[in-house]
Amino acid sequence: MLRARLPALAATLLLTMANALPSSGQTLRIAMTASDTPTTTGIPNNGGEGYRFLGFPAFDGLVDWDFTHPERIAGITPGLASGWKIDDNDRTRWIFTLRDGVKFHDGTPVTVDAVIWNLQRLYDEKSPQFDAPASAIVRSFVNMLDRWEKIDDRSLAIYTKSPFSFFPYMIPTLLIVSPTRWEKSGRSWAEFGKAPAGTGPFRITKVVPGQLVEMSRNEDYWDQNRIPKLAKLVLVPMPEATTRLAALRAGQVDWIEVPPPDAIPSLKAAGFHISLWPYPHVWPYILNMTEGSVFHDKRLRQALNYAIDRDAVANFLNGTAKPSYGVFPPDNPDFGKPEQHYGYAPDKAKALLKEAGYGPDHPVKAKVMISTSGSGQMMPLPMNEIIQQQAKPIGFDLDFDVVDWGTMLVVKRSAPTAPASHGVDALNNSLGFADPASMFRYFSATSFSPNGINWGHYSEPRVQGLLDQAQQSFDIEQQTELLANAHAIVVDDAAWAFIVHDLNPRAMSPKVKGFQPAQSWYQDFTKVTVE
């Protein structure tokens, strides 16, 4: 059995600190699931939660996420670039035109030279501003970027290594910061992070590492429709769910990510609002496909998928998740038509194990790395306990390597055979599918970690061929057909153990108004108010 409890002293300190946060006026105080404050240098760590709170609110990319259509998965919209297009004569060349008149929070203009300086920060190891931690985060997603060139004072070209039609969906993670502020920070990213300058609707105005980050409204934001209604947004790391719950009930914060599922009925009864909304997210086991892992055997991978009672996991989460039968939900056009439907089927799981020489008397021993908390991880400790108990009588002896969320993110970008991976057979890392390139990131051989985030090193020639065709196609219908066919093979291959889709639960005070959840890992805080 797994147990992870924040020591009482640490919990008390967190609550004391939260209680000291300003509550007057238009200030929204949010308790995150992160165990630390995400980095504030413009390329935040802590995964999707880091980008949600300390990425997109304070910084823009050339392309931004579009939160204006909550009825569908969020698409993309012009950001610092007013537009972009592919060069019809060279389909590796994307031309971006900068928006006029945009300034960084320090008052300096956003120029083509500033954008190129940021690209050098992430991709040119010889540049003075090269930032290795930020580079590792971005390159794990955007590993197809090749080079760039300045066309004129308002436009630049960015080249991909091969035609990659999904490229505009990749570069929102390339958030742009002020070169001038970095120079004035002594050319130190650590110093820059104490008083950063981006272009976003919020400015980062106070950083207390490990305790809180405060952001203030940017009155001069370039998009007048997204100037925040809030005066301040305060972010507090609280990895322990019960600590977040206590802070909300005591009025020490206004909003918590991932409330404990068993507390939801009482929160509703007390007048708190529970926000649930589907979003592109899956909570799987990424299976190690290398030859030394037990999951190199397809029969064992399929057996594990049939051994998991997804409905029981979803019921434990009190309606904040739904069963997953693939990367995508079955109603997603990219789901395809797989032959395998991984409902709970213990007899089928046992038959597959028996065929491979295993069973309850000779169980499959597998080690799974899981986290104590973190972005999109929901309730990882009890959820994994449930799966462990479900799989044991069928013939799986699951052992857990419990790490913090920051360690998990490093492992995801490491090879499964690297020392950082601790020799595990699977990684319980929640992942998103916000854009058409998701399948490329997770299942292409060109995305093998450490050059991408295909941690399990899944490689299948038919899938690779379909993904190659999809990324080179600029016809949306053809892209969808190719991706759906690739996904069907991935499901039948049981590349992952598919468990649940998160419904993005958060609980908030009735004083919080105006929040409309987007179908995205990221959210728009500019319309929120606090009474």
Side-chain angles (χ1 to χ4, degrees), residues 282-310 313 323-328 335-360 362-370 383-384 386-388 390-401 411-412 415-417 421 423-431 439 442-445 447-449 453-464 467 486-501:
V282 62
W283 194 90
Y285 285 174
I286 305 169
L287 303 179
N288 183 349
M289 307 286 281
T290 59
E291 194 164 348
S293 171
V294 294
F295 292 122
H296 186 68
D297 189 326
K298 176 179 175 179
R299 294 168 298 184
L300 302 188
R301 301 195 303 269
Q302 289 182 331
L304 181 60
N305 271 284
Y306 283 117
I308 296 170
D309 186 346
R310 295 157 180 79
V313 178
S324 166
Y325 306 103
V327 179
F328 311 107
F335 186 82
K337 298 178 180 179
E339 295 178 4
Q340 303 292 329
H341 181 78
Y342 298 119
Y344 180 50
D347 291 341
K348 187 175 290 190
K350 288 178 180 178
L352 286 162
L353 288 181
K354 184 177 181 180
E355 183 182 332
Y358 293 94
H362 177 48
V364 176
K365 294 183 180 295
K367 184 163 68 169
V368 183
M369 183 176 287
I370 70 174
M383 290 169 71
N384 277 291
I386 291 170
I387 294 167
Q388 184 184 53
Q390 290 175 349
K392 188 173 183 62
I394 291 171
F396 284 97
D397 184 2
L398 300 181
D399 182 33
F400 295 125
D401 182 11
V411 171
K412 182 177 67 175
T417 54
S421 294
V424 299
D425 301 293
L427 199 66
N428 173 215
N429 190 138
S430 61
L431 294 163
M439 289 286 291
Y442 304 144
F443 304 111
S444 172
S447 293
F448 276 6
S449 56
I453 52 175
N454 180 353
W455 177 83
H457 285 199
Y458 175 81
S459 178
E460 208 286 346
R462 292 174 298 162
V463 171
Q464 190 65 51
L467 295 181
H487 182 258
I489 297 171
V490 165
V491 171
D492 289 340
D493 272 354
W496 294 352
F498 307 103
I499 303 170
V500 293
H501 294 294

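The figures that follow rest on heavy atoms only: side chains count, while hydrogens, waters and symmetry mates do not. For clarity, every value in this text was computed on a predicted model and none was experimentally measured.
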*Looking at side-chain heavy atoms only, is the closest gap between Ile499 and Met383 below 4.5 Å?*
no
Side-chain atoms of residues 289-296: list all donor-acceptor pairs with protein atoms under 3.5 Å, sequence neighbours left out, distances to 0.1 Å.
| from | atom 1 | to | atom 2 | distance (Å) |
| --- | --- | --- | --- | --- |
| Thr290 | OG1 | Asn288 | OD1 | 2.6 |
| Ser293 | OG | Asn288 | O | 3.0 |
| Ser293 | OG | Phe295 | N | 3.2 |
| Ser293 | OG | Asp425 | OD1 | 3.2 |
| His296 | ND1 | Met289 | O | 2.8 |

*Provide the full list of salt bridge (Lys or Arg N to Asp or Glu O under 4.0 Å) pairs with a residue in residues 488-501, sequence neighbours left out, each pair given once.*
Lys298-Asp493
*Hey, are the side chains of Leu287 and Leu304 touching, using non-hydrogen atoms and a 4.5 Å cut-off?*
yes
*Starting at NZ of Lys392, measure out to CG of Leu398 and round the result to the nearest 0.5 Å.*
9.0 Å
*Side-chain heavy atoms of Leu431 within contact of Trp455, under 4.5 Å*: no
_If you define the side chain from C-beta out and look only at heavy atoms, does anything of Val282 sit under 4.5 Å from Phe328?_
no
*Within the side chain of Asp399, is there an N or O that forms a donor-acceptor pair under 3.5 Å with the backbone of Ala366?*
no
*Tell me, please, which residues at least two apart from Asp401 pass side chain to side chain donor-acceptor pair (under 3.5 Å).*
His422
*Quick one: list whatever passes ring-ring contact (aromatic ring centres under 6.0 Å, His included) with Phe396, sequence neighbours left out.*
none
_Flag, side chain of His487 to backbone of Val327, donor-acceptor distance under 3.5 Å_ = yes
*Looking at side-chain heavy atoms only, is the closest gap between Val411 and Ser421 below 4.5 Å?*
yes
*Could you list the residues that satisfy side chain to side chain donor-acceptor pair (under 3.5 Å) with Glu460, not counting sequence neighbours?*
Arg462
*Given side chain to side chain contact (heavy atoms under 4.5 Å, CB included), test Val368 with Leu427 step by step and report yes or no.*
CA-CA 6 Å; Val368 183; Leu427 199 66; over 6 Å; no
*Spacing of Phe498 atom CZ and Arg310 atom CZ [to the nearest 0.5 Å]*: 8.5 Å
Would you list the atom pairs, donor with acceptor, under 3.5 Å between side chains in residues 340-352 and any protein atom, with sequence neighbours excluded?
| from | atom 1 | to | atom 2 | distance (Å) |
| --- | --- | --- | --- | --- |
| Gln340 | OE1 | Tyr306 | OH | 2.4 |
| Tyr342 | OH | Val491 | O | 2.6 |

*asked:* Using the salt bridge (Lys or Arg N to Asp or Glu O under 4.0 Å) criterion, which residues pair with Lys354? Sequence neighbours excluded.
replied: none
*What residues form a salt bridge (Lys or Arg N to Asp or Glu O under 4.0 Å) with Asp397, not counting sequence neighbours?*
Lys365
*asked:* Under the rule for side chain to side chain donor-acceptor pair (under 3.5 Å), what residues qualify as partners of Tyr285, not counting sequence neighbours?
replied: Asn384
*Residues two or more places apart in sequence or in another chain: which of them pass side chain to side chain donor-acceptor pair (under 3.5 Å) with Asn429?*
none
_Once salt bridge (Lys or Arg N to Asp or Glu O under 4.0 Å) is applied, do any residues pair with Arg299, and if so which ones, sequence neighbours excluded?_
Asp297, Glu355
*asked:* Checking Ala495 now: which residues fulfil side-chain contact (heavy atoms from CB on, under 4.5 Å) with it, not counting sequence neighbours?
replied: Phe443, Tyr458, Val490
